[in-house]
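These notes are about the structure you will find just below.
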Amino acid sequence: MPKLANQESRGFTHAFKVSAADLNTSGYLTSTQKIVATIPAGGIVTGCALVNNTAFAGTSTDVTFAVGTLSGTATEFLAATDVDSSSFKAAFNTGTVLVNSAAGYSINNSASAVPVYLKVGGTISAAGVAAGDWLILLTILDPALIASNA
């Protein structure tokens with residue numbers, strides 16, 4: 001997962017790419033979630049987006065992506081989004097915590113880092129996704145890192 005060096009800049013700080021080839025691997029077929037980022041202790045998440053770079057094609061149905069910190073039900077940052085829909089282009093802050101009408105941020109108040117999961121749902125079969133390319137983007141701020149560089 002690439003990370004920008006200057007986290008104080010505007011925009012997203014973390015990116016995770018998912019392709020059709022990824023969805024056809026046993027890791028996505030047997031385990032429906034992947035760690036896509038980590039929120040440091042005291043870290044703040046201010047944004048999450050899912051962007052469709054290449055349209056979905058294949059026999060799998062109702063393929064959804066959700067992003068959050070709760071293992072098994074990761075939906076705090078991005079609610080389950082139907083990526084096999086022909087009309088899907090992008091989603092931003094649609095989860096239960098990061099919602100455009102809410103406070104707009106999520107804080108990791110624990111003393112340790114917390115993983116951010118991509119939860120894949122739907123009926124995905126081996127070779128059931130012939131095409132597709134998606135980018136998960138997050139803005140994760142680390143106040144401790146900023147303080148140590150001040």
Side-chain angles (χ1 to χ4, degrees), residues 1-4 7-56 58 60-85 87-126 128-129 132-148:
M1 92 194 87
K3 197 163 47 167
L4 299 179
Q7 71 170 350
E8 296 86 7
S9 66
R10 294 187 182 261
F12 297 104
T13 59
H14 294 70
F16 186 85
K17 184 178 178 182
V18 181
S19 69
D22 294 331
L23 292 181
N24 284 312
T25 64
S26 61
Y28 282 92
L29 293 172
T30 58
S31 172
T32 60
Q33 64 185 21
K34 291 287 184 184
I35 294 176
V36 298
T38 303
I39 307 169
I44 303 163
V45 179
T46 61
C48 179
L50 174 63
V51 178
N52 183 8
N53 293 325
T54 304
F56 176 92
S60 293
T61 58
D62 300 321
V63 179
T64 61
F65 289 177
V67 179
T69 60
L70 296 176
S71 179
T73 59
T75 59
E76 299 96 325
F77 304 152
L78 196 70
T81 303
D82 189 357
V83 298
D84 64 316
S85 166
S87 64
F88 172 70
K89 299 296 179 217
F92 180 74
N93 286 6
T94 61
T96 58
V97 174
L98 288 186
V99 190
N100 287 330
S101 62
Y105 59 87
S106 175
I107 300 174
N108 174 11
N109 283 320
S110 70
S112 58
V114 173
V116 176
Y117 300 100
L118 162 65
K119 180 169 176 39
V120 179
T123 307
I124 302 174
S125 60
V129 183
D133 182 280
W134 304 272
L135 195 59
I136 297 162
L137 302 164
L138 293 155
T139 302
I140 302 175
L141 305 177
D142 186 353
L145 182 60
I146 295 170
S148 69

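For the numbers below, each heavy atom of this structure counts, side chains included, while hydrogens, waters and symmetry mates do not.
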Note to self: What's the separation between atom OG1 in Thr54 and atom CG in Leu135, rounded to the nearest 0.5 Å?
What the structure shows: 11.0 Å
Note to self: Treating Thr81 as the side-chain partner and Ala79 as the backbone partner, does any N or O pair qualify as donor plus acceptor under 3.5 Å?
What the structure shows: yes
Next item on the list: Please answer whether the main-chain N or O of Trp134 pairs with a side-chain N or O of Asn53 as donor and acceptor at a distance below 3.5 Å.
Entry: no
Next item on the list: Give a yes or no on whether the backbone of Phe88 and the side-chain of Asp84 come within a donor-acceptor separation of less than 3.5 Å.
Entry: no
Notebook entry, point to check: Out of Phe16, Phe12, Phe92, which residue meets the side chain to side chain contact (heavy atoms under 4.5 Å, CB included) rule with Leu137?
Noted result: Phe12
Margin query: Donor-acceptor pair, distance only, cut-off 3.5 Å: does the side chain of Asn24 make one with the backbone of Ala21?
Written below: no
Margin query: Could you report the tightest heavy-atom contact between Ile140 and Pro40, atom names first, then the distance?
Written below: CG2-CD, 3.8 Å
Item checked: Minimum heavy-atom distance between Asp133 and Asn52, given as atom pair plus value -> O-OD1, 3.6 Å
Notebook entry, point to check: Looking at Leu141 and Pro143, what are the two nearest heavy atoms and their distance?
Noted result: O-CD, 3.5 Å
Notebook entry, point to check: What pair of heavy atoms forms the shortest contact from Ala91 to Leu78, and how long is it?
Noted result: CB-CD1, 3.8 Å
Margin query: Let me confirm one number: the CD1-CG distance from Ile39 to Leu138, rounded to the nearest 0.5 Å.
Written below: 8.0 Å
Checklist line | Nearest-0.5 Å distance, CG of residue Leu118 to CD1 of residue Ile136 | finding: 4.0 Å
Notebook entry, point to check: How many angstroms lie between OH in Tyr117 and CD1 in Ile35, if you round to the nearest 0.5 Å?
Noted result: 5.0 Å
Margin query: Under the side chain to side chain contact (heavy atoms under 4.5 Å, CB included) test against Glu76, which residue among Leu70, Val116, Val45 passes?
Written below: Leu70
Next item on the list: Identify the residue among Val36, Val18, Asp82 that makes a side chain to side chain contact (heavy atoms under 4.5 Å, CB included) with Phe65.
Entry: Val18
Next item on the list: Starting from the C-alpha separation in whole Å, work towards a yes-or-no answer on side-chain contact (heavy atoms from CB on, under 4.5 Å) for Leu50 and Val83.
Entry: CA-CA 9 Å; Leu50 174 63; Val83 298; 3.8 Å; yes
Notebook entry, point to check: Considering all heavy atoms of both residues, which atom of Ser110 and which atom of Ala41 are nearest to each other, and what is their separation?
Noted result: O-CB, 3.5 Å
Item checked: Asp142 CG to Thr38 OG1 distance, which is reported to the nearest 0.5 Å -> 11.5 Å
Next item on the list: Work out which heavy atom in Ala66 is nearest to a heavy atom in Ala74; give both atom names and the distance.
Entry: CB-O, 2.9 Å
Item checked: Note, Thr123 side chain near Ser60 side chain (heavy atom, < 4.5 Å) -> no
